[in-house]
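One-based numbering, in listed order, for ligands and for the atoms of each. Model, not experiment: these values are computed from the prediction.
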Amino acid sequence: MNATAIPVRRQFATPQAPASPFPYHPGSLLSVQDLNLEQVSHILARATALENQDPLSRDRILAKRRVALLFYESSTRTRTSFELAAKSLGADTALVSSLSSSIEKGESLKDTGLTLRALGAEAIILRHNSSGAAWLLEEATRLPVLNAGDGMHEHPTQALLDLRTILAHVRPGVETVAEDTLAGVTVTITGDILHSRVARSNMLLLPRLGARVVLCGPKELLPDLAANAGPGISIERNFETALRQSQVMMMLRIQAERLAGLQLDLEEYKAGYQLTGDRLRELAPQAVVLHPGPIIRGLELTAGVADGPQSAILEQVRNGVAIRMAVVERALMTAADVRGTK
Ligand code: CP
């Protein structure tokens with residue numbers, strides 16, 4: 001062959017998109033897609049090991065390491081559990097909230113991140129109202145960044161703690177996950193899917209373990225296009241049909257702060273999609289009920305369901321601390337360090 005000739009197959013090959021440089025830092029967690037199933041299994045196993053470890057020895061794992069929590073949106077569960085998780089491992093934490101910092105004076109995310117790094121932060125946990133903010137912060141600081149929720153995009157640690165909760169109910173004792181771990185399990189996510197980073201991260205994670213994910217809600221909150229989100233994902237508009245098929249019911253809050261003028265008839269919504277005790281008893285008496293919180297009692301679910309025997313909502317909250325201990329440890333320790341703590 002002539003030295004300059006290009007093989008026909010290469011001439012017409014579709015150009016490949018350049019490989020993403022993200023995450024720059026191996027300890028970052030920007031998206032659930034950053035993790036392969038082996039890494040998911042490792043996080044699940046470390047969560048259990050750290051939860052069971054004597055607090056006095058656990059306290060030495062990240063003794064005096066510095067973790068910054070940078071929160072541009074309100075949070076109860078994620079912020080508190082990340083802070084308790086980092087402190088349980090012995091780390092020092094500093095909270096910067098958009099309402100009481102120089103962010104109010106117009107300081108950019110990049111400059112805030114660089115300032116935190118200059119102050120000695122070794123990892124940053126970020127919640128932000130803009131999708132993609134965690135990527136921008138990681139690029140600017142090159143520190144490990146843990147995405148604690150970016151706009152309507154992702155909430156990867158929520159998906160991991162949801163997975164831990166689901167496994168405890170449908171596959172008790174299983175921590176090493178594979179492509180068929182959740183085969184035969186239907187998870188229905190109901191409510192404001194359009195605005196939900198929790199739904200998105202779960203949709204990106206659960207089908208990879210073989211789960212069937214059914215999305216349920218009115219068109220205003222769940223566009224038809226969502227059915228094309230990926231393999232294992234479908235739409236069922238009829239809530240009662242979805243309930244009948246489900247082992248896991250994940251209910252979502254209507255995110256009034258993101259509706260941007262969209263009018264929704266709440267009485268109509270409740271008639272169609274509220275999870276009531278009667279519906280649950282009659283159509284899915286064995287299903288486990290999840291909700292990422294905050295819950296609005298009397299809207300997406302009744303108080304009786306929230307407090308009832310099928311609810312695992314507070315279990316999710318508890319799992320948040322264990323999962324976030326594992327994720328903070330991963331952010332600050334090399335693989336060799338982690339092996340040494342086992
Ligand atoms: N699940 C969740 O993100 O709750 P918070 O907004 O209270 O952190």
Side-chain angles (χ1 to χ4, degrees), residues 29-32 43 47 67-88 93-100 123-134 137 145-166 168 187-206 213 221 248-259 275 288-297 299-301 305-306 311-328:
L29 181 56
L30 306 175
S31 161
V32 279
I43 289 170
V67 175
L69 296 110
L70 177 52
F71 275 65
Y72 287 73
E73 277 189 346
S74 56
S75 166
T76 299
R77 282 145 287 270
T78 311
R79 197 184 92 183
T80 312
S81 58
F82 259 124
E83 188 170 348
L84 290 174
K87 285 189 161 134
S88 298
T93 62
L95 170 67
V96 176
S97 147
S98 58
L99 288 182
S100 56
I124 302 178
I125 297 159
L126 176 70
R127 168 164 289 191
H128 202 283
N129 46 320
S130 294
S131 302
L137 183 67
V145 170
L146 303 178
N147 183 359
D150 63 318
M152 298 187 282
H153 185 218
E154 275 225 48
H155 196 347
T157 54
Q158 180 72 44
L160 290 168
L161 73 90
D162 289 343
L163 174 61
R164 189 174 199 239
T165 313
I166 292 169
V187 179
T188 291
I189 308 178
T190 303
D192 187 357
I193 288 153
L194 180 63
H195 300 105
S196 176
R197 53 199 176 206
V198 174
R200 220 167 312 283
S201 287
N202 272 292
M203 286 157 64
L204 288 168
L205 180 62
L206 296 175
V213 172
L221 301 177
V248 179
M249 288 300 295
M250 187 180 292
M251 305 304 295
L252 300 178
R253 177 177 70 92
I254 292 177
Q255 299 194 35
E257 69 275 29
R258 298 191 218 276
L259 286 182
L275 188 56
V288 58
V289 177
L290 306 188
H291 193 309
I295 61 173
I296 308 296
R297 288 168 184 254
L299 183 46
E300 66 270 16
L301 79 182
V305 169
S311 168
I313 296 171
L314 293 178
E315 210 177 304
Q316 286 172 275
V317 176
R318 277 193 295 278
N319 282 333
V321 180
I323 286 292
R324 289 174 178 129
M325 281 196 286
V327 166
V328 171

| said: Any donor-acceptor pair under 3.5 Å linking the side-chain atoms of H155 with those of R127? | reply: yes
| Should we count CZ of R79 as having more than 12 external heavy atoms under 6.0 Å? | no
| field | Option among Q316, E300, R253 that satisfies the side chain to side chain donor-acceptor pair (under 3.5 Å) test with H291 | value | E300
| message | By the definition side chain to side chain donor-acceptor pair (under 3.5 Å), identify the one residue from H153, E154, Q158 that meets it with S201. | response | E154
| For ligand 1, the residues whose heavy atoms come within less than 4.0 Å (ordered by chain, then number) | S75, T76, R77, T78, R127, H155, Q158, P292, G293
| task | For N319 and E315, run side-chain hydrogen bond (donor to acceptor under 3.5 Å, both in side chains): C-alpha distance rounded to whole Å, both residues' side-chain angles, the deciding distance at 0.1 Å, then the answer. | result | CA-CA 6 Å; N319 282 333; E315 210 177 304; 4.8 Å; no
| note | Correct closest heavy-atom pair for M325 and S88 would be SD-CB, 3.8 Å
